[in-house]
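Notes for the one structure printed next.
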Amino acid sequence: MMKKSRGAVLDDAHGLGVLEELAEAGPLTLPEIPRRWPVIRPMLERRVRELVAEGLVEGVPSKRVPGKTAYSLTPRGRATLAAR
């Protein structure tokens, strides 16, 4: 299996879709994202990990679901989304 090149995570609809959902809805936990956007959980988890590794998304403590991690855009993630 080939490793994705830097930035390639946004070359598919799933990576870009996650960024768009987080931009629209603010911090969301992993279970909250598929309720808003149809994607299977394993693919979602992989995309979120890749977005975190790229510095586009960060995990923050959830305000709505105690003890869980919510994901939000970083400044770089917002800039990347705005540039698309």
Check whether any side-chain heavy atom of [X] lies under 4.5 Å from a side-chain heavy atom of [Y], and answer yes or no.
X	Y	value
Leu51	Leu22	no
Glu20	Leu16	yes
Thr69	Thr29	no
Val52	Tyr71	yes

Atom pairs and distances, side-chain donor-acceptor, residues 57-65, under 3.5 Å, sequence neighbours left out:
| unit_1 | atom_1 | unit_2 | atom_2 | d |
| --- | --- | --- | --- | --- |
| Ser62 | OG | Arg64 | N | 3.3 |
| Ser62 | OG | Val65 | N | 2.9 |
| Arg64 | NE | Glu32 | OE2 | 3.3 |
| Arg64 | NH2 | Pro27 | O | 3.0 |
| Arg64 | NH2 | Glu32 | OE1 | 3.1 |
| Arg64 | NH2 | Glu32 | OE2 | 3.4 |

- Message: Among Leu30, Leu28, Leu56, which residue satisfies the side-chain contact (heavy atoms from CB on, under 4.5 Å) criterion with Val48?
- Response: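 Between Val48 and the candidates, side-chain contact (heavy atoms from CB on, under 4.5 Å) is satisfied uniquely by Leu30.
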- Task: Please name the pair of heavy atoms, one in Thr74 and one in Gly55, separated by the smallest distance, quoted to 0.1 Å.
- Result: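 Where Thr74 meets Gly55 most closely, the heavy atoms are OG1-O, 2.6 Å.
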- Task: Working to the nearest 0.5 Å, report the span between CZ of Arg49 and CD of Glu45.
- Result: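 Arg49 CZ to Glu45 CD: 6.5 Å, rounded to 0.5 Å.
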- Item | Distance in Å, Ile33 CD1 paired with Leu44 CG, rounded so as to fall on 0.5 Å steps |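 These two atoms lie 5.0 Å from each other.
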- Message: Donor-acceptor check, side chain of Arg78 to backbone of Leu73, threshold 3.5 angstrom: yes or no?
- Response: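 Yes.
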